[in-house]
Number of protein chains: 2
Amino acid sequence: MPPTSPATASPVGSTTYSAAQLRTATAALELFARHGVSGTSLQMIADATGVTKAAVYHQFKTKEAVVVAAVDVELGRLEPALDAAEAAAGDPDARSALLGEVIDHAVGRRRMVGTLQHDPVIVRLLSEHEPFQQFMERLFRALLGDRIDATARIRVAMVASAIGGVVTHPLVAGLDDAALRGDLLSLSLRFLSLPD
Amino acid sequence: MPPTSPATASPVGSTTYSAAQLRTATAALELFARHGVSGTSLQMIADATGVTKAAVYHQFKTKEAVVVAAVDVELGRLEPALDAAEAAAGDPDARSALLGEVIDHAVGRRRMVGTLQHDPVIVRLLSEHEPFQQFMERLFRALLGDRIDATARIRVAMVASAIGGVVTHPLVAGLDDAALRGDLLSLSLRFLSLPD
DNA sequence: GTCTATACGCGGATAGAC
DNA sequence: GTCTATCCGCGTATAGAC
C-alpha cells in the first residue's frame with residue numbers, strides 16, 4: 001500500500017516493497033551470504049547501495065526488517081513453482097518438476113542458499129515468522145507427496161540438505177552449472193525412489 | 001609447550017591446549033552453534049565459563065584464535081576414525097566404517113555440525129588455515145576412495161551435505177538418535193553405490 | 001590464571017534539514 | 001528518499017594489580 005512508484009516483488013507474505021526497498025534487500029542478501037547476517041552491518045548495506053545508513057533506516061524500521069525482506073524476496077522466487085506443484089498435486093510428475101525447479105534455483109543462486117538454510121538469524125526467523133513457516137510447510141508437503149512416515153521425511157530432509165549444501169561444496173567448486181544441475185537432479189530422483 | 005597442568009586434546013594441528021583453554025573453546029563452540037561466530041561476543045564466552053573477558057584474552061590472543069581452537073578440538077574428534085580408514089585403505093569396508101563414524105559424530109554433535117560446515121567465518125578459516133585444509137582433504141580423499149571423477153565428487157559432496165544438514169532439519173526434529181543414525185547410514189551407503 | 005579498569009571504534013538507531 | 005549529525009551501548013582489545 002505505501003509505495004509511490006514501481007513497487008514490484010513476488011513476496012511470500014502479502015507485503016509489497018518500493019524500488020528502494022528492493023535494492024536494499026537484494027544488496028543485503030548478497031552481503032548476508034558472504035558475511036552472515038550478524039557479520040553484516042547496516043553501514044555495509046548502505047555502502048553497497050551507495051546511500052547512507054539513515055536512508056536504509058527510512059526504508060526499514062530495523063535491521064531485522066531488512067533480513068525479513070531479503071528472505072521474503074528470495075523465497076518468493078520459488079512461489080510459482082510451488083503453486084504449480086500444488087495445482088498438479090494428482091500428477092505423479094508434479095514432484096519431479098518441483099524438485100527440478102528447486103535444484104535450478106539452488107544452482108543458480110548458489111551463494112544465497114547456504115545462508116537461507118543455515119544462518120542462525122535466518123533459521124530463527126524461518127521458525128518464528130508465520131508466513132515463512134507456512135511457506136516452508138507447503139514446500140515440504142509438496143516434496144513429500146503422499147508419504148509422511150519417518151523414513152520419507154528423512155529422505156526429503158537429506159535431499160533438501162544435499163541440494164543446498166552441494167552447490168557450495170569445495171569438492172564441486174570447479175563444476176559448471178549445467179553439469180551440476182544434471183547430475184543433481186538425476187541423483188536426487190533416484191535417491192528418492194530407492195526402495196524401502 | 002606452554003601448559004602447567006593437565007593439557008589434553010587431540011587437535012588437528014600439533015597445538016596443545018591448557019585445561020582453561022579447552023573449557024573456553026568448548027563453551028565457545030556451543031555459543032557459535034547457537035548464535036554464529038559473528039553473533040557471539042567474548043563477553044558471552046566469558047560469562048559461559050564464569051570468568052571475565054580479560055581471562056579469555058589471557059588464554060587466547062584474539063577472538064579468531066578462540067575460533068581456531070574450537071574448530072581444532074571439534075575436528076580432532078574425527079581424527080582417530082580417519083587414521084584408521086587411511087591405515088585400512090585397501091579394505092573395501094574401510095570407507096563404510098569411516099562413513100559410519102562420521103554419521104555417529106554428526107548425529108551425536110547435531111548442534112555443532114551446521115556451524116562447522118556453513119558459518120562464514122569458519123568456512124573462511126577452513127579454506128585458509130593450512131592444518132584444517134589438509135585435514136579436510138584427507139577426509140574427502142578417504143571418502144572418495146579410488147574414484148576422483150566429477151560424478152563421484154558430486155556424490156560425496158551430496159552425502160556430506162546431506163548428513164550435515166539432516167541432523168538439524170525441521171522435518172526430522174522429532175526423531176531419536178538411534179533411528180536417525182540407522183536410516184542415515186543405510187541410505188548414504190545405498191546412495192553412494194548407485195550405478196552410474 | 002584471574003581480576004578491575006579503561007581505551008576506542010563501530011554497532012544499531014533517531015532527529016531534523018533538504 | 002536521502003542527507004548530516006548525534007546518541008548510546010557493546011564490540012575487541014590492552015594495562016597492570018593480585
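Each chain gets a letter, A, B and so on, in the order its sequence line appears, and its residues count up from 1.
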Whole angstroms only, please: what is the [atom1]-[atom2] distance between [X] and [N]?
X	N	atom1	atom2	answer
A:Ile45	C:dG11	CD1	P	11 Å
A:Gln21	D:dT2	CD	C1'	14 Å
B:Met44	D:dG11	CE	C1'	12 Å
A:Tyr17	D:dG1	OH	P	14 Å
B:Leu42	C:dC8	CG	P	20 Å
A:Gln43	C:dA13	CD	P	14 Å

Show your reasoning for whether side chain to side chain contact (heavy atoms under 4.5 Å, CB included) applies to B:Thr40 and B:Arg34. CA-CA 9 Å; B:Thr40 303; B:Arg34 239 189 285 289; over 6 Å; no
Would you classify B:Ser38 as touching base, sugar-phosphate or nothing, given that sugar-phosphate means primed atoms plus P, OP1 and OP2, and contacts are heavy atoms under 4.0 Å? nothing
Heavy atoms under 4.0 Å, any strand shown: does B:Thr40 hit a base, just sugar-phosphate, or nothing? sugar-phosphate
Only counting residues at least two apart or in another chain, list the ones meeting side-chain contact (heavy atoms from CB on, under 4.5 Å) with B:Ala157. A:Val166, A:His169, A:Leu171, A:Val172
Tell me which residues in residues 59-67 of chain A lie within less than 4.0 Å of DNA chain D, going by non-hydrogen atoms. A:Gln59
Closest approach of [X] and [Y], non-hydrogen atoms and distance?
X	Y	answer
A:Leu99	A:Ser188	CD2-CB, 3.8 Å
B:Arg147	B:Thr151	NH2-CB, 4.2 Å
B:Ala25	B:Ala70	O-CB, 3.7 Å
A:Phe60	A:Ala69	CE2-CB, 3.6 Å
A:Glu79	A:Phe135	OE2-CE1, 3.7 Å

With a 4.0 Å cutoff (strictly under), does any side-chain N or O of [X] reach OP1 or OP2 of [N]?
X	N	result
A:Tyr57	C:dT14	no
A:Arg23	D:dT2	yes
A:Ser41	C:dC10	no

Quick one: which protein N/O atoms are closer than 3.5 Å to N/O atoms of nucleotides 3-9 of chain D? Pair and distance per line, please.
from	atom 1	to	atom 2	distance (Å)
D:dC3	OP2	A:Thr52	N	2.5
D:dC3	OP2	A:Thr52	OG1	2.9

Determine the interplanar angle of the A:His118 and B:His118 rings, folded into 0 to 90°, and report it as parallel if under 30°, tilted if 30 to 60°, perpendicular if over 60°. parallel
Donor-acceptor pair, distance only, cut-off 3.5 Å: does the side chain of A:Arg155 make one with the backbone of A:Leu192? yes
